[in-house]
There are 2 protein chains.
Amino acid sequence: MVVNAYMVDGVRTMGPMRMSFDERLGSHLKRVEQELTTAKTAAVKPAGLTVPQYAALFVLAEQPGISAAELARRCLVTPQTMTTILRNLEAAALIERTPHPLHRHVIETRPTPAGRKALDQADERAVSVERRLAAAFSQDELDTLRKLLARVSETLTSDPVLGS
Amino acid sequence: MVVNAYMVDGVRTMGPMRMSFDERLGSHLKRVEQELTTAKTAAVKPAGLTVPQYAALFVLAEQPGISAAELARRCLVTPQTMTTILRNLEAAALIERTPHPLHRHVIETRPTPAGRKALDQADERAVSVERRLAAAFSQDELDTLRKLLARVSETLTSDPVLGS
DNA sequence: AGAGATTAATCAGAGCTCTGATGGTCGTCA
DNA sequence: TGACGACCATCAGAGCTCTGATTAATCTCT
């Protein structure tokens with residue numbers, strides 16, 4: 001237990017009784033996602049990549065020449081965000097961008113050899129994080145967790161009041 | 001199924017067989033967390049708040065006078081990030097910051113009446129998101145989900161290779 | 001062929017988030 | 001008392017993320 005020498009105020013004021021953070025599914029999801037991001041960030045960092053850059057390279061390695069818009073959809077980010085990510089990848093010479101031979105307004109993006117190398121390096125460590133994580137659960141538990149998460153997703157995206 | 005009129009390249013190149021995104025727990029967690037963030041962002045927006053601002057105000061309402069450092073810990077962000085959030089809240093006159101009477105290097109932060117009002121407004125809608133979400137599950141399922149998420153968290157933070 | 005819808009790319013701007021670095025304040029202990 | 005360590009606050013810089021808006025190319029349908 002940390003005793004904070006500068007603790008300044010423990011007084012509670014009367015007010016509306018709110019739902020505590022701990023009751024909220026969102027808190028737990030946020031914490032877990034953040035911890036996972038931290039672990040993955042550390043995993044891909046030796047390869048000189050960020051997590052979003054790793055995700056983009058991953059998709060690019062399987063589908064070289066894909067458009068930035070399509071890449072954004074696969075990586076679950078907006079096209080504007082993908083533009084930012086690609087700008088940094090291109091500056092690091094990990095991808096190449098060339099106009100599409102037929103559709104002039106489409107730009108094809110491909111990983112460079114250096115990009116593939118960085119991806120391989122990052123992927124090995126990222127997968128090891130996933131494997132260690134999965135090893136903490138039985139197959140049944142993993143299935144259950146996936147199903148429950150899928151239900152959360154459905155609830156959020158189908159409810160007209162909540163999601164899209 | 002969306003047919004992309006601009007689909008540019010479906011050719012797959014041979015390469016290392018990687019773990020697919022769908023197999024990765026991280027993908028599911030990321031997607032769900034992102035959807036939840038989207039829903040919460042929409043929920044607190046009418047109150048003129050962002051999700052991090054809402055979280056900060058929430059803690060501040062329960063513990064007015066808390067230091068920025070302590071606030072950062074409760075909100076699971078770094079002190080630097082909290083500085084950014086507080087700067088925006090102060091600019092919007094939703095919080096007040098005054099030097100601590102005893103410890104000159106500590107600054108006490110408190111919500112203004114406008115801040116409390118915005119919080120109340122945001123909280124109502126944020127809680128409704130949580131309630132609708134929870135309503136999609138039985139009590140048993142919620143417990144299971146929480147336990148599984150807790151195990152993910154433990155695995156990530158206790159494993160010396162992964163977390164801290 | 002032309003109008004309108006759709007898609008791609010990207011700029012602008014705001015906000016959150018991190019790491020790294022700095023300077024100041026306070027408590028502890030030799 | 002003075003050195004040291006812990007902690008607070010915050011600047012600097014990089015990167016990701018979103019919404020909103022613009023420009024251009026392509027497709028579809030009349």
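Per chain, numbering begins at 1; letters A, B, ... match sequence-line order. What you see below is based on every heavy atom in this structure, not just the backbone, and it leaves out hydrogens, waters and symmetry mates. These numbers were taken from a predicted model, which means no experiment stands behind them.
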Residues 81-91 of chain A side chain polar contacts: donor-acceptor under 3.5 Å, at least two apart:
| from | atom 1 | to | atom 2 | distance (Å) |
| --- | --- | --- | --- | --- |
| A/Thr81 | OG1 | A/Thr78 | OG1 | 2.9 |
| A/Thr83 | OG1 | A/Pro79 | O | 3.0 |
| A/Thr84 | OG1 | A/Gln80 | O | 3.4 |
| A/Asn88 | ND2 | A/Thr84 | O | 3.4 |

Nonpolar side-chain network containing A/Met19, other nodes, edges under 4.5 Å: B/Val127
A/His28 side-chain N/O to A/Asp22 backbone N/O, donor-acceptor pair under 3.5 Å: yes
Under 3.5 Å: donor-acceptor pair, side chain of B/Glu70, backbone of B/Ser67: no
Just jot down the salt bridge (Lys or Arg N to Asp or Glu O under 4.0 Å) partners of [X], sequence neighbours excluded, or say none.
X        : result
A/Arg31  : none
A/Arg151 : B/Glu141
B/Asp143 : none

Set of ring pair (Phe, Tyr, Trp, His ring centres under 6.0 Å) partners for B/Tyr54, sequence neighbours left out: none
For B/Phe137, ring pair (Phe, Tyr, Trp, His ring centres under 6.0 Å) partners two or more places apart: none
Can you tabulate the close N/O pairs, meaning under 3.5 Å, that link protein atoms to atoms of nucleotides 10-12 of chain D?
| from | atom 1 | to | atom 2 | distance (Å) |
| --- | --- | --- | --- | --- |
| D/dT10 | OP2 | B/Arg97 | NH1 | 3.2 |

Shorter than 3.5 Å, N or O on both sides, protein versus nucleotides 1-3 of chain D: list them out with atom names.
none

Carboxylate-amine/guanidinium contact A/Arg18 B/Glu62, below 4.0 Å: no
How many whole angstroms separate atom [atom1] of [X] from atom [atom2] of [N]?
X        : N      : atom1 : atom2 : value
B/Leu89  : C/dA14 : CG    : P     : 17 Å
A/Ile85  : D/dC16 : CD1   : P     : 6 Å
B/Leu102 : C/dC26 : CG    : P     : 9 Å
B/His103 : D/dA6  : NE2   : C1'   : 14 Å
B/Glu35  : D/dC18 : CD    : P     : 12 Å
B/Ile66  : D/dC7  : CD1   : P     : 16 Å
A/Leu36  : C/dC18 : CG    : P     : 15 Å
B/Leu86  : D/dA9  : CG    : P     : 9 Å

Given A/Leu142, A/Leu145, A/Val32, the one that forms side-chain contact (heavy atoms from CB on, under 4.5 Å) with B/Leu148: A/Leu145
N/O (side chain, A/Thr84) to phosphate O (OP1/OP2, D/dC16) under 4.0 Å: no
A/Asn88 side chain near D/dA14 phosphate (N/O to OP1/OP2, under 4.0 Å): no
N/O donor to acceptor pairs below 3.5 angstrom from side-chain atoms of residues 92-99 of chain B, sequence neighbours left out:
| from | atom 1 | to | atom 2 | distance (Å) |
| --- | --- | --- | --- | --- |
| B/Arg97 | NE | B/Thr109 | OG1 | 3.2 |

Of the listed nucleotides D/dC8, C/dT19, D/dT19, the one nearest the side chain of B/Val106: D/dC8
Shortest side-chain distance from B/Lys45, nucleotide among C/dC26, D/dC18, D/dT19: D/dT19
Smallest separation among heavy atoms of B/Leu119 and B/Leu57, with atom names: CD2-O, 3.6 Å
Closest heavy-atom pair and its distance - A/Leu76, B/Gln34: O-NE2, 3.0 Å
Global bending angle along the helix from C/dA1-D/dT30 to C/dA30-D/dT1, which compares the axes of five pairs at either end, to 10 degrees: 10°
DNA chain C-proximal residues of residues 49-59 of chain B, any heavy atom under 4.0 Å: B/Thr50, B/Pro52, B/Gln53
Residue mapping more 5' on DNA chain C - nearest nucleotide basis, A/Ala69 or B/Thr81: A/Ala69
